[in-house]
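By convention in this document, chain letters (A, B, ...) are assigned in the order of the sequence lines, proteins followed by strands, and residues within each chain are numbered from 1.
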There are 2 protein chains.
Amino acid sequence: MCPAKISESAVRRLSLYLRVLDAFELAGKTTVSSGDLAERGGVTPAQVRKDLSHFGSFGKRGLGYPVSELRERVTEILGLGRRWRVGLVGAGKLGAALFFYDGFRGQGFDVAAIFDNDPDKIGQRWGRLVVEDIESMDRVMRTSQVEMGIIVTPAVSAQQVADRLIASGVEAILNFAPTRLQVPPGITLRNVNLEIELESLAFALTHENGA
Amino acid sequence: MCPAKISESAVRRLSLYLRVLDAFELAGKTTVSSGDLAERGGVTPAQVRKDLSHFGSFGKRGLGYPVSELRERVTEILGLGRRWRVGLVGAGKLGAALFFYDGFRGQGFDVAAIFDNDPDKIGQRWGRLVVEDIESMDRVMRTSQVEMGIIVTPAVSAQQVADRLIASGVEAILNFAPTRLQVPPGITLRNVNLEIELESLAFALTHENGA
DNA sequence: GTTCGTTTGTGATTGATTTCACAAGCAAAG
DNA sequence: CTTTGCTTGTGAAATCAATCACAAACGAAC
């Protein structure tokens, strides 16, 4: 049902299936086969079945999976059956882009606090929030009951910010700063490094045809 | 030396080593061991040696790797020994954040064109560039000799944009739209899906302590 | 109730990636 | 010149992930 270890990539595929299920439900389908899910998700049917089987047995042999029920189950598995409160550190352009992006709210993530250390930015009103001084992070994070942090600061400040987030009780961090953060065991860290993505494209273009 | 297939993750680690090497060079070190690189990169020494050995033999036994020379070689391997011209599609907040982010230029990536389909945005001056109509993509891309595309549009337009980019001669695409793009063989595609990252954090928080 | 076409769930297999472990090589010291 | 202390480069082993292949199960048709 819920085994010891699910691979990072399997979890990401679950997110993918959830989107495909949304589309199928919108299209009015009531059941889907692993083949349907696989085709739309760009994976193999066996992979879909294996991924789902880690968490239970949701399908009917000969029929497939009930769309609506599977969607609910995957939502639950991913921990999206509730809303999450997110703290955003860094009120720059990327921070603004993330803050005003509707996709997060749609998936159950609410930005509950924004921080910066620039006096020009502190006090600015962003939607229904005010940019807070990074110095008051601990207090604000606890009163806002923030559970996740997003780091959108320059690389030099990132480690310090991460330390403060963790001190404030945050256990999951999404880091956009192009630097490798050290976090203690038990803290979940995901990195999004745009430079690395571009560099991987450059590598592919450079090596694609025996060049 | 340069084998048939290097894994995606190995390439990403090379990017990482490059950053660590930058730091070491800045700190004035002339040689590093695989252990040094591993520690700062958060991997194992054996992994470092294996990754590098795919491309040649850069170290001296008993000594380690010459920082400056290895940095040059890795730069070359990743295809960063030249500048790359990038086209940005989507002049929204995320597009702006990427455009004004200095890290890309620093690594050799120049945004050479920006596109949007919103009449209010078309014609806006961004730095030294003007936002172009997406309709004129083919012409602009070719005259600007753009080699990579970054998609920062809503999900619904993303596939259409990708098709146009490919028709304009682009062979590598970095997609930020939360949708799975279909591209023909020979086109390199990387996806950055912020919703999936947050969902993977939600999963981790939900399942960490047998919850 | 039996047969038929379909699709799941899963042990077995294959494949990929990471780690191990050690011979080979280098510099410095004696 | 030999020994000593490190560190690389790499085949072998181990771990991890993806795919295969097939028995079991279901609904529909008759």
Participant: Under the side-chain hydrogen bond (donor to acceptor under 3.5 Å, both in side chains) rule, collect the residues that match up with Asp116(B), sequence neighbours excluded.
Facilitator: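 Asp116(B): no side-chain hydrogen bond (donor to acceptor under 3.5 Å, both in side chains) contacts found.
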Participant: Looking at residues at least two apart in the chain, or sitting in another chain, which of them share a side-chain hydrogen bond (donor to acceptor under 3.5 Å, both in side chains) with Arg105(A)?
Facilitator: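 Scan of Arg105(A) (side-chain hydrogen bond (donor to acceptor under 3.5 Å, both in side chains), adjacent residues dropped) gives Asp102(A).
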Participant: Shortest non-hydrogen contact from Gly169(B) to Arg142(B)?
Facilitator: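 Where Gly169(B) meets Arg142(B) most closely, the heavy atoms are N-NH2, 4.1 Å.
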Participant: Does anything in residues 79-88 of chain A pair up under side chain to side chain donor-acceptor pair (under 3.5 Å), and if so which pairs, sequence neighbours excluded?
Facilitator: Arg82(A)-Glu147(A), Arg83(A)-Asp110(A)
Participant: Using a cut-off of less than 4.0 Å, is there contact between a side-chain N or O of Tyr65(B) and OP1 or OP2 of dC26(C)?
Facilitator: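 False: Tyr65(B) side-chain N/O out of range (4.0 Å or more) of dC26(C) OP1/OP2.
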Participant: Mark yes when over 12 heavy atoms from residues, nucleotides or ligands other than Glu39(B) sit less than 6.0 Å from its CD; otherwise mark no.
Facilitator: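 Counting neighbours around CD of Glu39(B), 12 or fewer heavy atoms of other residues, nucleotides or ligands fall under 6.0 Å, so no.
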Participant: Excluding sequence neighbours, so at least two apart, what forms side-chain hydrogen bond (donor to acceptor under 3.5 Å, both in side chains) with Arg190(B)?
Facilitator: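 Listed in chain order: Ser200(A), Glu8(B).
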Participant: Give every pair of a protein N or O atom and an N or O atom of nucleotides 24-26 of chain D that lie under 3.5 Å apart, one pair per line with the distance.
Facilitator:
residue	atom	partner	partner atom	Å
dA24(D)	N3	Arg61(A)	NH1	3.0
dC26(D)	O4'	Arg61(A)	O	3.3

Participant: Could you pull out all residues at least two apart from Phe203(A) that satisfy ring pair (Phe, Tyr, Trp, His ring centres under 6.0 Å)?
Facilitator: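 Residues passing ring pair (Phe, Tyr, Trp, His ring centres under 6.0 Å) with Phe203(A): His207(A).
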Participant: Tell me, please, which residues at least two apart from Phe24(A) pass ring pair (Phe, Tyr, Trp, His ring centres under 6.0 Å).
Facilitator: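 With neighbours one apart ignored, the set is empty.
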Participant: Without decimals, in angstroms, what is the distance between Leu37(B) CG and dT7(D) P?
Facilitator: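 In whole Å, dT7(D) P lies 13 Å from Leu37(B) CG.
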Participant: Taking ring pair (Phe, Tyr, Trp, His ring centres under 6.0 Å) as the test, write out the residues that go with Phe115(A), two or more places apart.
Facilitator: none
Participant: Does a side-chain N or O of Ser34(B) approach OP1 or OP2 of dT7(D) to a distance below 4.0 Å, or not?
Facilitator: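 No, outside the criterion.
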Participant: Checking Ser15(A) now: which residues fulfil side-chain hydrogen bond (donor to acceptor under 3.5 Å, both in side chains) with it, not counting sequence neighbours?
Facilitator: Glu199(B)
Participant: Can you name the ring pair (Phe, Tyr, Trp, His ring centres under 6.0 Å) partners of Phe58(A), sequence neighbours left out?
Facilitator: none
Participant: Would you mind reading off the distance between His54(B) atom NE2 and dT10(D) atom P, rounded to a whole angstrom?
Facilitator: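 Taking atom P of dT10(D) as the reference, NE2 of His54(B) is at 10 Å.
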Participant: Taking CZ from Phe55(B) and P from dT8(D), how many angstroms apart are they, rounded to a whole number?
Facilitator: 18 Å
Participant: Show me the protein contacts with nucleotides 28-30 of chain C, counting only N or O atoms at under 3.5 Å.
Facilitator:
none

Participant: Output one letter per nucleotide in nucleotides 12-20 of chain C: B when a protein non-hydrogen atom lies under 4.0 Å from the base, S when only the sugar-phosphate is that close, - when neither is.
Facilitator: B----SSBB
